[in-house]
Amino acid sequence: MVHIAVPKETAPGERRVALTPEVVARLVKEGCAVRLEAGAGASAFFTDEAYREAGAEVVPAEAVLEGAQVVLTVGPLEASALPHVSHEAILIGFQYPHRDPKRVEALADWGISTLAMELIPRITRAQSMDALSSQATVAGYRAALIAAQLSSRFFPMLTTAAGTIRPARLMVMGVGVAGLQAIATAKRLGANVWAYDVRKAAAEQALSLGAKVIELPISAEGEGGYARELTPEEQAIQLEALARQVGQMDVVITTAQIPGRKAPVLVTAEMAGRMAPGSVIVDLAAESGGNCELTRPGETVEVGGVRVAGPLNLPSELPVHASEMYAKNLYNLCKLLLKNGELAPDWSDEILAGALLTHRHEITHGPTKSLVGA
Ligand code: NAD
């Protein structure tokens, strides 16, 4: 029998929970024992009672980590909790190693194995475990709604006795998982949608959702389906070409990211200044430096009549479905760790090896190891 623990999330404002009652029931069926901290699901509207009915043991904070072989979280487990975790345990959740390398050092020192959800390889076999994608889906949807909420104009075209309203002109820059969901949501709300990305594959996907694609003579396909960083020359061409387009938009949603780097600037303050007063920019890259020069992480500012939102942790704003999707990602990853009801991880498996951050007193992720060394 494998003992799984789910502590309550500690990050301020975090409303998600690692397991839902439905996934607890599945794990129990697989022969696992699940122990959950009382109230862990409350902010995602999952009651202790629902977890108990699903077969979990609901315990006070001080007892949740005791004897756990697997600890499941959404965000990083605080280093102060480590003395309560067995040295042999496996910790699984988002780890954000670059934000707090000292914490990763502490995990390695303690000897536990840590799997970082954001490091799971984006390969076909790992799609059902891909929490970056599941949570980006939530963020993209939410971004379009925030834009609609902040907009001083309707999104859809309306023909009324009081006149005809033209649809909002909306551009999504960065058409990965979040961007595609923002396009789909904005289309459903009736906006006239344009899309821009540096990857050709992204353009095809945007077209299939009914967006018009802005094409520039820059192609920046990087490794593993990601974009590479643009050269300063390419960046200058990009900004010059986009400036006119941005100026014609009522709404811009940006989601551009480059793994392990600061987000690229796609909307300068000058470009934002070209937008009509009452326009909106929603910057999903606020957490990693922002795609818009005016973005302030976690705030909505108004500059020259243009509202610029830099929301943080959007998945947490839709905690029921974000937790449901995340819990399924964890369940599929847990199944990879189990064999005949026992914990039997094959650390050479491509998915586990890719996601492994610390193992047997070592930091096993190269870039984090360098960061800690530096
Ligand atoms: P991401 O969050 O890393 O970046 C978002 C988007 O920003 C990307 O489309 C990227 O091309 C774009 N971007 C970066 N720099 C830019 C710039 N200067 N200008 C304009 N756009 C820029 O991306 P993501 O959503 O994590 O998806 C990355 C890739 O992974 C996609 O190709 C996606 O289809 C792929 N993917 C594969 C799987 C799988 O096979 N398991 C799962 C999920 C995603």
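Counting starts at 1 for both ligands and their atoms, following the listed order. Basis for what follows: all heavy atoms, side chains included, without hydrogens, waters or symmetry-related copies.
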Exercise. Which residue holds the protein heavy atom closest to atom 20 (C) of ligand 1, what is that atom called, and what is the gap in Å?
Worked result: Y196 CE2, 3.6 Å

For this session: Distance to 0.1 Å, residue and atom name: give those for the protein heavy atom nearest to atom 7 (O) of ligand 1.
Result: A256 CA, 3.2 Å

Exercise. Hey, mind stepping through Y196 and Q238 against side chain to side chain donor-acceptor pair (under 3.5 Å) and telling me if it holds?
Worked result: CA-CA 10 Å; Y196 171 67; Q238 184 182 59; 2.7 Å; yes

Seminar exercise, completed: atom 37 (C) of ligand 1 has as its nearest protein heavy atom R122 CB, 4.1 Å

For this session: May I ask which of I218, V198, L266, D197 has a heavy atom nearer to atom 11 (O) of ligand 1 than the others do?
Result: D197

For this session: Within a distance under 4.0 Å of any heavy atom of P264, pick out the atoms of ligand 1 and give their elements.
Result: 15 (N), 18 (N)

Exercise. Do P315 and R16 come within less than 4.5 Å of each other through their side chains, counting heavy atoms only?
Worked result: yes

Exercise. For A202 and ligand 1, does the shortest N/O to N/O distance drop below 3.5 Å?
Worked result: no

Problem set entry | Whether Q127 lies under 4.0 Å from ligand 1, heavy atom | yes

For this session: Look at atom 42 (C) of ligand 1 and say which protein heavy atom is nearest, naming residue and atom and giving the distance to 0.1 Å.
Result: D130 OD2, 3.1 Å

For this session: Might you check, step by step, whether the distance between atom 4 (O) of ligand 1 and some protein heavy atom is under 4.0 Å?
Result: yes

Seminar exercise, completed: Of all protein heavy atoms, the one nearest atom 1 (P) of ligand 1 is Q257 CB, 3.9 Å

Exercise. In this structure, are over 12 heavy atoms from other groups packed under 6.0 Å from E240 atom CD?
Worked result: no

Exercise. Can you pull the ring pair (Phe, Tyr, Trp, His ring centres under 6.0 Å) pairs that have at least one residue in residues 41-71, sequence neighbours excluded?
Worked result: none

Problem set entry | Protein heavy-atom partner closest to atom 35 (C) of ligand 1 - residue, atom, separation in Å | G225 O, 4.7 Å

Exercise. Is R228 paired with E223 through a side-chain N to carboxylate O contact shorter than 4.0 Å?
Worked result: no

Exercise. Around R261, counting heavy atoms of other residues, nucleotides and ligands shown, do more than 12 lie under 6.0 Å from its CZ?
Worked result: no

For this session: Tell me, please: is S133 in heavy-atom contact with ligand 1, that is, under 4.0 Å?
Result: yes

Exercise. For atom 33 (C) of ligand 1, is some protein heavy-atom partner under 4.0 Å away?
Worked result: no

Exercise. Hey, does Q238 sit under 4.0 Å from ligand 1 if you only count heavy atoms?
Worked result: yes

For this session: Around atom 25 (O) of ligand 1, find the nearest protein heavy atom and jot down its residue, atom name and distance.
Result: V177 N, 2.7 Å

Exercise. Any chance the side chains of S288 and Q257 put a donor and an acceptor closer than 3.5 Å?
Worked result: yes

Exercise. When you look at NZ of K339, are more than 12 heavy atoms from neighbouring residues, nucleotides or ligands closer to it than 6.0 Å?
Worked result: no

For this session: Decide if atom CZ of F94 counts as having more than 12 heavy atoms of other residues, nucleotides or ligands within a radius under 6.0 Å.
Result: yes

For this session: For Y226, take its heavy atoms, then give the atoms of ligand 1 lying under 4.0 Å from any of them.
Result: 3 (O), 26 (O), 28 (C)

For this session: Check the surroundings of atom CZ in R360: do more than 12 heavy atoms from other residues, nucleotides or ligands lie under 6.0 Å from it?
Result: no

For this session: Count the heavy atoms belonging to other residues, nucleotides or ligands that lie under 6.0 Å from OH of Y141, then report whether that count exceeds 12.
Result: no

For this session: Taking only heavy atoms of I123 into account, list the atoms of ligand 1 that are under 4.0 Å away from them.
Result: 41 (N)

